[in-house]
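The structure appears below as C-alpha coordinates.
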Amino acid sequence: MSAITIVPVDSAALTQRFIRLPSRLHAGDPNWVTPLDMERREALSPKHNPLFGHTDVQLWLAVRNGVDVGRISAQINRDATDGVGHFGMLAAENDAALIKLLFDTAEGWLKARGMRESLGPFSLSINEETGLLIKGHDTPPMLMMGHDRDYLAGHVEALGYAKAKDVFAYLSDITKPLPNSIVNLIKRPLPATFKLRHMDFKHYRRDIESISAIFNDAWAANWRFEPLTAADTDHLAKAMRPILNEKLVWLVDVDGEPAGFGVCLPNINEAIADLDGKLLPFGWMKLLWRLKVSGVKSARVPLMGVRRKYATGFVGAVLPFLIIDAMRNEARKLGYERAELSWILEDNMPMRRINEGLGSTAYKTYRVYRKALA
(Lines give C-alpha, C1' and ligand atoms only; values in the text may rest on other atoms or scores of the structure.)
Protein backbone atom coordinates (compact mmCIF):
# COMPACT_ATOMS: atom_id res chain seq x y z
CA MET A 1 0.00 0.00 0.00
CA SER A 2 1.24 3.47 -0.85
CA ALA A 3 2.28 5.68 2.03
CA ILE A 4 -0.33 7.90 3.64
CA THR A 5 0.53 11.46 4.58
CA ILE A 6 -1.36 13.22 7.38
CA VAL A 7 -1.71 16.91 6.56
CA PRO A 8 -2.81 19.51 9.16
CA VAL A 9 -5.52 21.73 7.70
CA ASP A 10 -4.14 25.25 7.93
CA SER A 11 -5.32 27.10 4.83
CA ALA A 12 -8.51 27.96 2.96
CA ALA A 13 -7.58 25.55 0.16
CA LEU A 14 -7.06 22.65 2.57
CA THR A 15 -10.28 23.53 4.39
CA GLN A 16 -12.17 23.29 1.11
CA ARG A 17 -10.64 19.88 0.42
CA PHE A 18 -11.57 18.81 3.96
CA ILE A 19 -15.17 19.92 3.35
CA ARG A 20 -15.50 18.21 -0.02
CA LEU A 21 -13.98 14.82 0.86
CA PRO A 22 -17.17 13.14 2.21
CA SER A 23 -19.00 13.77 -1.07
CA ARG A 24 -16.43 11.67 -2.95
CA LEU A 25 -16.51 8.94 -0.31
CA HIS A 26 -20.33 8.78 -0.52
CA ALA A 27 -20.42 8.63 -4.31
CA GLY A 28 -23.12 6.16 -5.26
CA ASP A 29 -24.94 6.46 -1.92
CA PRO A 30 -28.49 7.54 -2.86
CA ASN A 31 -29.12 8.86 0.65
CA TRP A 32 -26.09 11.16 0.88
CA VAL A 33 -26.77 14.90 0.85
CA THR A 34 -23.79 17.19 0.28
CA PRO A 35 -23.89 20.04 2.84
CA LEU A 36 -23.70 23.56 1.51
CA ASP A 37 -20.05 24.56 1.07
CA MET A 38 -20.77 28.06 2.36
CA GLU A 39 -22.34 26.76 5.58
CA ARG A 40 -19.49 24.29 6.18
CA ARG A 41 -16.85 26.97 5.64
CA GLU A 42 -18.53 29.19 8.22
CA ALA A 43 -18.84 26.29 10.69
CA LEU A 44 -15.08 25.68 10.41
CA SER A 45 -14.12 29.35 10.54
CA PRO A 46 -12.85 30.88 13.80
CA LYS A 47 -14.09 34.20 12.44
CA HIS A 48 -17.69 33.02 12.07
CA ASN A 49 -18.21 30.18 14.57
CA PRO A 50 -18.12 31.33 18.22
CA LEU A 51 -17.25 27.80 19.32
CA PHE A 52 -13.63 28.63 18.47
CA GLY A 53 -13.70 31.28 21.20
CA HIS A 54 -13.69 28.57 23.88
CA THR A 55 -12.56 25.45 22.00
CA ASP A 56 -9.19 24.45 20.55
CA VAL A 57 -9.72 22.66 17.22
CA GLN A 58 -7.38 20.87 14.84
CA LEU A 59 -8.32 19.30 11.51
CA TRP A 60 -6.32 16.79 9.45
CA LEU A 61 -6.52 15.30 5.97
CA ALA A 62 -5.06 11.95 5.00
CA VAL A 63 -3.56 11.92 1.52
CA ARG A 64 -2.42 8.93 -0.58
CA ASN A 65 -0.83 9.41 -4.02
CA GLY A 66 -2.13 12.96 -4.16
CA VAL A 67 -5.71 11.91 -3.38
CA ASP A 68 -7.54 12.84 -0.17
CA VAL A 69 -8.66 9.57 1.43
CA GLY A 70 -9.64 10.49 5.00
CA ARG A 71 -10.19 13.24 7.51
CA ILE A 72 -10.63 13.74 11.27
CA SER A 73 -10.76 16.53 13.83
CA ALA A 74 -9.81 16.86 17.49
CA GLN A 75 -11.28 19.40 19.91
CA ILE A 76 -10.77 20.49 23.50
CA ASN A 77 -13.31 22.71 25.22
CA ARG A 78 -11.19 25.05 27.31
CA ASP A 79 -14.06 25.47 29.80
CA ALA A 80 -14.02 21.73 30.61
CA THR A 81 -11.77 20.46 33.40
CA ASP A 82 -12.41 16.72 33.30
CA GLY A 83 -9.61 15.71 30.94
CA VAL A 84 -12.00 14.60 28.18
CA GLY A 85 -11.14 15.65 24.62
CA HIS A 86 -13.25 15.11 21.53
CA PHE A 87 -12.80 13.77 18.03
CA GLY A 88 -15.12 14.37 15.10
CA MET A 89 -15.63 15.15 11.40
CA LEU A 90 -14.67 11.53 10.65
CA ALA A 91 -14.74 10.34 7.04
CA ALA A 92 -12.45 7.83 5.38
CA GLU A 93 -12.13 5.08 2.83
CA ASN A 94 -12.80 1.55 4.05
CA ASP A 95 -9.21 0.94 5.13
CA ALA A 96 -8.31 -0.13 8.68
CA ALA A 97 -4.72 1.13 8.49
CA LEU A 98 -5.85 4.53 7.22
CA ILE A 99 -8.46 4.94 9.94
CA LYS A 100 -6.00 3.85 12.62
CA LEU A 101 -3.53 6.48 11.43
CA LEU A 102 -6.21 9.16 11.59
CA PHE A 103 -7.12 8.21 15.15
CA ASP A 104 -3.49 7.90 16.21
CA THR A 105 -3.00 11.46 15.02
CA ALA A 106 -6.06 12.87 16.81
CA GLU A 107 -5.34 10.93 20.01
CA GLY A 108 -1.72 12.05 20.01
CA TRP A 109 -2.83 15.67 19.76
CA LEU A 110 -5.28 15.21 22.66
CA LYS A 111 -2.74 13.41 24.85
CA ALA A 112 -0.10 16.07 24.22
CA ARG A 113 -2.57 18.55 25.74
CA GLY A 114 -3.24 16.52 28.85
CA MET A 115 -6.43 14.74 27.83
CA ARG A 116 -7.07 11.37 29.47
CA GLU A 117 -10.04 10.31 27.36
CA SER A 118 -11.21 10.64 23.75
CA LEU A 119 -14.96 11.02 23.21
CA GLY A 120 -16.91 11.46 20.00
CA PRO A 121 -17.65 12.00 17.24
CA PHE A 122 -18.77 15.58 17.74
CA SER A 123 -18.68 17.86 14.72
CA LEU A 124 -17.62 20.11 16.32
CA SER A 125 -19.55 20.02 19.62
CA ILE A 126 -22.39 18.18 21.28
CA ASN A 127 -24.62 21.11 20.27
CA GLU A 128 -23.86 20.47 16.60
CA GLU A 129 -23.63 17.04 14.85
CA THR A 130 -23.36 14.32 17.47
CA GLY A 131 -22.53 10.62 17.17
CA LEU A 132 -21.72 8.14 14.42
CA LEU A 133 -24.69 6.80 12.45
CA ILE A 134 -25.11 3.10 13.26
CA LYS A 135 -28.77 2.64 12.27
CA GLY A 136 -30.73 4.40 9.54
CA HIS A 137 -28.31 4.42 6.62
CA ASP A 138 -31.25 3.68 4.31
CA THR A 139 -32.73 7.17 4.66
CA PRO A 140 -31.21 10.60 4.00
CA PRO A 141 -30.18 12.82 6.90
CA MET A 142 -32.22 15.77 8.01
CA LEU A 143 -30.90 19.31 8.39
CA MET A 144 -27.79 19.45 10.64
CA MET A 145 -27.69 15.67 11.17
CA GLY A 146 -24.87 13.34 10.14
CA HIS A 147 -24.76 10.52 7.62
CA ASP A 148 -21.83 8.07 7.79
CA ARG A 149 -20.63 5.08 5.83
CA ASP A 150 -21.79 1.86 7.46
CA TYR A 151 -18.28 0.40 7.79
CA LEU A 152 -16.96 3.14 10.06
CA ALA A 153 -18.42 1.83 13.33
CA GLY A 154 -16.57 -1.49 13.01
CA HIS A 155 -13.25 0.26 12.44
CA VAL A 156 -13.80 2.61 15.39
CA GLU A 157 -14.62 -0.26 17.72
CA ALA A 158 -11.60 -2.24 16.50
CA LEU A 159 -9.42 0.63 17.76
CA GLY A 160 -10.62 0.15 21.33
CA TYR A 161 -13.54 2.58 21.36
CA ALA A 162 -16.64 1.50 23.29
CA LYS A 163 -20.15 2.86 23.41
CA ALA A 164 -20.54 5.87 25.71
CA LYS A 165 -24.08 6.82 24.74
CA ASP A 166 -26.61 6.41 21.93
CA VAL A 167 -28.83 9.22 20.70
CA PHE A 168 -32.00 8.72 18.68
CA ALA A 169 -33.75 10.56 15.89
CA TYR A 170 -37.53 10.11 15.96
CA LEU A 171 -39.71 10.47 12.86
CA SER A 172 -43.31 11.61 13.20
CA ASP A 173 -46.08 11.54 10.61
CA ILE A 174 -47.71 14.90 11.24
CA THR A 175 -50.58 14.25 8.83
CA LYS A 176 -52.04 11.84 11.39
CA PRO A 177 -54.12 13.17 14.30
CA LEU A 178 -52.67 13.17 17.78
CA PRO A 179 -53.66 10.26 20.05
CA ASN A 180 -56.83 10.88 22.04
CA SER A 181 -54.94 10.84 25.33
CA ILE A 182 -52.84 13.82 24.22
CA VAL A 183 -55.83 15.66 22.72
CA ASN A 184 -57.68 15.30 26.01
CA LEU A 185 -54.65 16.58 27.92
CA ILE A 186 -54.14 19.73 25.88
CA LYS A 187 -57.88 20.50 25.82
CA ARG A 188 -57.99 20.73 29.59
CA PRO A 189 -58.56 24.30 30.84
CA LEU A 190 -55.27 26.10 31.30
CA PRO A 191 -54.47 28.55 34.08
CA ALA A 192 -54.96 32.18 33.11
CA THR A 193 -51.23 32.66 33.65
CA PHE A 194 -50.45 30.44 30.62
CA LYS A 195 -49.84 32.11 27.29
CA LEU A 196 -49.02 30.08 24.16
CA ARG A 197 -47.53 32.27 21.45
CA HIS A 198 -45.45 31.96 18.32
CA MET A 199 -42.21 33.85 17.78
CA ASP A 200 -42.62 37.51 16.95
CA PHE A 201 -40.09 38.75 14.39
CA LYS A 202 -40.64 42.26 15.73
CA HIS A 203 -39.04 40.99 18.94
CA TYR A 204 -36.75 38.46 17.32
CA ARG A 205 -33.69 39.06 19.50
CA ARG A 206 -35.78 38.92 22.68
CA ASP A 207 -37.30 35.57 21.73
CA ILE A 208 -33.98 34.03 20.65
CA GLU A 209 -32.45 35.06 23.98
CA SER A 210 -35.44 33.50 25.78
CA ILE A 211 -34.95 30.26 23.84
CA SER A 212 -31.24 30.23 24.74
CA ALA A 213 -31.97 30.84 28.42
CA ILE A 214 -34.60 28.09 28.59
CA PHE A 215 -32.28 25.68 26.75
CA ASN A 216 -29.45 26.32 29.20
CA ASP A 217 -31.75 25.80 32.16
CA ALA A 218 -33.69 22.80 30.81
CA TRP A 219 -30.71 20.74 29.71
CA ALA A 220 -28.16 21.74 32.38
CA ALA A 221 -28.21 18.30 33.99
CA ASN A 222 -27.96 16.39 30.70
CA TRP A 223 -24.99 14.21 29.86
CA ARG A 224 -22.00 16.25 28.58
CA PHE A 225 -24.10 19.42 28.49
CA GLU A 226 -22.41 22.49 27.01
CA PRO A 227 -24.34 25.75 27.59
CA LEU A 228 -24.98 28.28 24.87
CA THR A 229 -22.86 31.35 25.52
CA ALA A 230 -23.90 34.90 24.66
CA ALA A 231 -21.76 34.64 21.52
CA ASP A 232 -23.41 31.31 20.64
CA THR A 233 -26.83 32.90 21.04
CA ASP A 234 -25.87 35.80 18.80
CA HIS A 235 -24.57 33.36 16.18
CA LEU A 236 -27.74 31.26 16.49
CA ALA A 237 -29.91 34.32 15.94
CA LYS A 238 -28.08 35.28 12.76
CA ALA A 239 -27.79 31.72 11.37
CA MET A 240 -31.42 30.71 11.91
CA ARG A 241 -33.14 33.90 10.74
CA PRO A 242 -33.11 33.10 6.97
CA ILE A 243 -34.92 29.78 7.38
CA LEU A 244 -37.19 30.50 10.34
CA ASN A 245 -40.93 30.80 9.96
CA GLU A 246 -42.18 32.62 13.05
CA LYS A 247 -45.25 30.37 13.19
CA LEU A 248 -43.05 27.28 13.49
CA VAL A 249 -41.33 28.59 16.64
CA TRP A 250 -43.53 28.50 19.74
CA LEU A 251 -43.12 29.60 23.31
CA VAL A 252 -45.23 29.25 26.44
CA ASP A 253 -45.13 32.02 29.02
CA VAL A 254 -46.11 31.26 32.62
CA ASP A 255 -46.73 34.27 34.85
CA GLY A 256 -45.11 36.42 32.18
CA GLU A 257 -41.90 34.36 32.10
CA PRO A 258 -40.91 32.27 29.05
CA ALA A 259 -41.18 28.72 30.42
CA GLY A 260 -40.91 26.46 27.40
CA PHE A 261 -40.23 26.53 23.66
CA GLY A 262 -39.98 24.47 20.49
CA VAL A 263 -38.24 25.25 17.21
CA CYS A 264 -39.25 23.59 13.94
CA LEU A 265 -37.10 24.16 10.84
CA PRO A 266 -37.69 23.22 7.20
CA ASN A 267 -35.52 20.29 6.20
CA ILE A 268 -33.11 22.18 3.97
CA ASN A 269 -31.48 18.87 2.97
CA GLU A 270 -34.59 18.00 0.99
CA ALA A 271 -34.17 21.21 -1.01
CA ILE A 272 -30.40 20.97 -1.63
CA ALA A 273 -30.03 17.26 -2.35
CA ASP A 274 -29.13 17.84 -6.03
CA LEU A 275 -27.05 21.03 -5.62
CA ASP A 276 -23.75 19.29 -4.71
CA GLY A 277 -23.18 21.86 -1.98
CA LYS A 278 -23.12 24.81 -4.38
CA LEU A 279 -25.41 27.84 -4.40
CA LEU A 280 -23.80 29.46 -7.43
CA PRO A 281 -24.69 30.19 -10.14
CA PHE A 282 -28.30 28.96 -9.90
CA GLY A 283 -28.44 27.08 -6.59
CA TRP A 284 -29.81 30.11 -4.73
CA MET A 285 -32.81 30.34 -7.04
CA LYS A 286 -33.52 26.62 -6.78
CA LEU A 287 -33.25 26.69 -3.00
CA LEU A 288 -35.54 29.71 -2.61
CA TRP A 289 -38.08 28.29 -5.07
CA ARG A 290 -38.20 24.97 -3.24
CA LEU A 291 -38.52 26.58 0.19
CA LYS A 292 -40.96 29.33 -0.70
CA VAL A 293 -42.96 28.03 -3.69
CA SER A 294 -42.83 24.31 -4.43
CA GLY A 295 -42.25 23.53 -0.75
CA VAL A 296 -40.52 20.75 1.13
CA LYS A 297 -42.38 17.94 2.85
CA SER A 298 -40.17 17.36 5.86
CA ALA A 299 -38.99 19.35 8.85
CA ARG A 300 -36.79 18.91 11.90
CA VAL A 301 -37.35 19.93 15.51
CA PRO A 302 -33.76 20.43 16.76
CA LEU A 303 -34.56 22.39 19.92
CA MET A 304 -37.17 21.99 22.65
CA GLY A 305 -37.08 22.71 26.33
CA VAL A 306 -39.04 23.46 29.49
CA ARG A 307 -37.54 25.26 32.45
CA ARG A 308 -36.75 22.79 35.22
CA LYS A 309 -38.98 24.51 37.77
CA TYR A 310 -41.94 23.85 35.47
CA ALA A 311 -40.93 20.33 34.43
CA THR A 312 -43.04 18.40 36.95
CA GLY A 313 -46.75 18.13 37.60
CA PHE A 314 -49.47 19.31 35.23
CA VAL A 315 -47.38 22.15 33.81
CA GLY A 316 -44.51 19.86 32.88
CA ALA A 317 -46.91 17.32 31.40
CA VAL A 318 -48.87 19.72 29.22
CA LEU A 319 -46.28 22.28 28.02
CA PRO A 320 -44.40 20.04 25.56
CA PHE A 321 -47.63 18.82 23.95
CA LEU A 322 -49.06 22.34 23.67
CA ILE A 323 -45.93 23.39 21.80
CA ILE A 324 -45.81 20.26 19.64
CA ASP A 325 -49.49 20.58 18.71
CA ALA A 326 -49.01 24.22 17.70
CA MET A 327 -45.97 23.40 15.56
CA ARG A 328 -47.74 20.44 13.92
CA ASN A 329 -50.80 22.51 13.04
CA GLU A 330 -48.77 25.26 11.40
CA ALA A 331 -46.45 22.79 9.65
CA ARG A 332 -49.42 21.02 8.04
CA LYS A 333 -50.70 24.35 6.71
CA LEU A 334 -47.31 24.75 4.98
CA GLY A 335 -47.53 21.30 3.39
CA TYR A 336 -45.19 19.39 5.70
CA GLU A 337 -45.95 15.70 6.10
CA ARG A 338 -43.29 14.46 8.51
CA ALA A 339 -40.99 15.87 11.15
CA GLU A 340 -37.86 14.55 12.80
CA LEU A 341 -37.42 15.23 16.51
CA SER A 342 -33.72 14.90 17.18
CA TRP A 343 -31.54 14.17 18.81
CA ILE A 344 -32.73 12.44 22.02
CA LEU A 345 -30.40 10.77 24.54
CA GLU A 346 -31.17 7.08 25.02
CA ASP A 347 -31.70 7.61 28.77
CA ASN A 348 -33.79 10.77 28.42
CA MET A 349 -36.94 8.85 29.19
CA PRO A 350 -39.29 11.87 29.53
CA MET A 351 -38.49 13.01 25.96
CA ARG A 352 -38.59 9.45 24.65
CA ARG A 353 -42.02 8.93 26.21
CA ILE A 354 -43.24 12.18 24.65
CA ASN A 355 -42.05 11.05 21.21
CA GLU A 356 -43.43 7.56 21.55
CA GLY A 357 -46.71 8.95 22.89
CA LEU A 358 -46.98 10.88 19.62
CA GLY A 359 -46.56 7.64 17.68
CA SER A 360 -43.07 8.64 16.51
CA THR A 361 -40.51 5.99 15.59
CA ALA A 362 -36.83 5.96 16.55
CA TYR A 363 -35.65 5.44 12.98
CA LYS A 364 -32.01 6.51 13.32
CA THR A 365 -29.41 5.79 16.00
CA TYR A 366 -26.17 7.70 16.43
CA ARG A 367 -23.47 6.38 18.78
CA VAL A 368 -20.97 8.36 20.84
CA TYR A 369 -17.78 6.40 21.58
CA ARG A 370 -15.17 6.76 24.29
CA LYS A 371 -11.64 5.47 24.81
CA ALA A 372 -9.17 5.96 27.65
CA LEU A 373 -5.91 7.48 26.46
CA ALA A 374 -2.86 5.74 27.88
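Computed from heavy atoms alone, side chains included, the values below leave out hydrogens, waters and symmetry copies.
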Review point. Any link between I134 and F87 through a network of hydrophobic side chains (Ile, Leu, Val, Met, Phe, Trp, Tyr) touching at under 4.5 Å?
Key: yes
Exercise for review: Provide the closest heavy-atom pair for L14 versus L61 in the form atom of the first, atom of the second, distance.
Suggested key: O-CD1, 3.8 Å
Review point. Side-chain donor-acceptor pair under 3.5 Å between Y366 and E129, yes or no?
Key: no
Review point. Is the number of heavy atoms from other residues, nucleotides or ligands under 6.0 Å of K195 NZ greater than 12?
Key: no
Review point. Side chains of I99 and D95: does their closest heavy-atom pair fall under 4.5 Å?
Key: no
Point to revise | Residues R290, D274: salt bridge by 4.0 Å N-O rule | key: yes
Practice item. Show the numbers, then the answer: is there a salt bridge (Lys or Arg N to Asp or Glu O under 4.0 Å) between K163 and D166? Key: CA-CA 8 Å; K163 171 187 167 181; D166 282 350; 3.6 Å; yes
**Study point:** Side-chain H-bond candidate by donor/acceptor type, Y369 with E157, under 3.5 Å
**Key:** yes
Point to revise | Basic-acidic side-chain contact under 4.0 Å: E209, R206 | key: no
Practice item. Using side chain to side chain contact (heavy atoms under 4.5 Å, CB included) as the criterion, point out the one residue from W219, W223, W343 that pairs with N348. Key: W219
Check your understanding: Once the angle between the rings of W60 and W109 is folded into 0 to 90°, is it parallel (under 30°), tilted (30 to 60°) or perpendicular (over 60°)?
Key -> perpendicular
Exercise for review: Looking only at non-hydrogen atoms, find the nearest pair between G88 and P121 and report the distance.
Suggested key: CA-CB, 3.9 Å
Exercise for review: Considering only NZ, NE, NH1 and NH2 on the basic side and carboxylate oxygens on the acidic side, decide whether D200 and R197 come within less than 4.0 Å.
Suggested key: no
**Study point:** Of all pairs that satisfy side-chain hydrogen bond (donor to acceptor under 3.5 Å, both in side chains), the ones with a partner from residues 173-182, not counting sequence neighbours
**Key:** D173-T175
Review point. Thinking salt bridges, do D347 and K165 make one under a 4.0 Å N-O criterion?
Key: yes
Check your understanding: Do we see a donor-acceptor contact under 3.5 Å between the side chains of E356 and Y170?
Key -> yes
Practice item. Kindly give the heavy-atom pair with the smallest separation between R370 and A164, and that separation in Å. Key: NH1-CB, 3.8 Å
**Study point:** Ion pair check, R64 and E93, cut-off under 4.0 Å
**Key:** yes
Exercise for review: Could you verify whether a donor N or O on one side chain and an acceptor N or O on the other, from H155 and N94, lie under 3.5 Å apart?
Suggested key: yes
**Study point:** Salt-bridge present (D82, R224; N to O < 4.0 Å)
**Key:** yes
**Study point:** Residue pairs, two or more places apart or on separate chains, that pass side-chain hydrogen bond (donor to acceptor under 3.5 Å, both in side chains) and touch residues 232-242
**Key:** R205-D234, S212-T233, T229-D232, D234-K238
Check your understanding: Salt bridge check: are R20 and D276 linked by an N-O gap of less than 4.0 Å?
Key -> yes
Practice item. Specify whether H147 and H26 have parallel, tilted or perpendicular ring planes, treating 30° as the upper limit for parallel and 60° as the lower limit for perpendicular. Key: tilted
Review point. Which pair of non-hydrogen atoms, one from M142 and one from S298, has the smallest distance, and what is that distance?
Key: CE-CB, 3.8 Å
**Study point:** For R328 against S172, the heavy-atom pair lying closest together
**Key:** NH1-OG, 3.7 Å
Check your understanding: What's the shortest heavy-atom distance between L275 and G283, and which atoms?
Key -> CD1-O, 3.9 Å
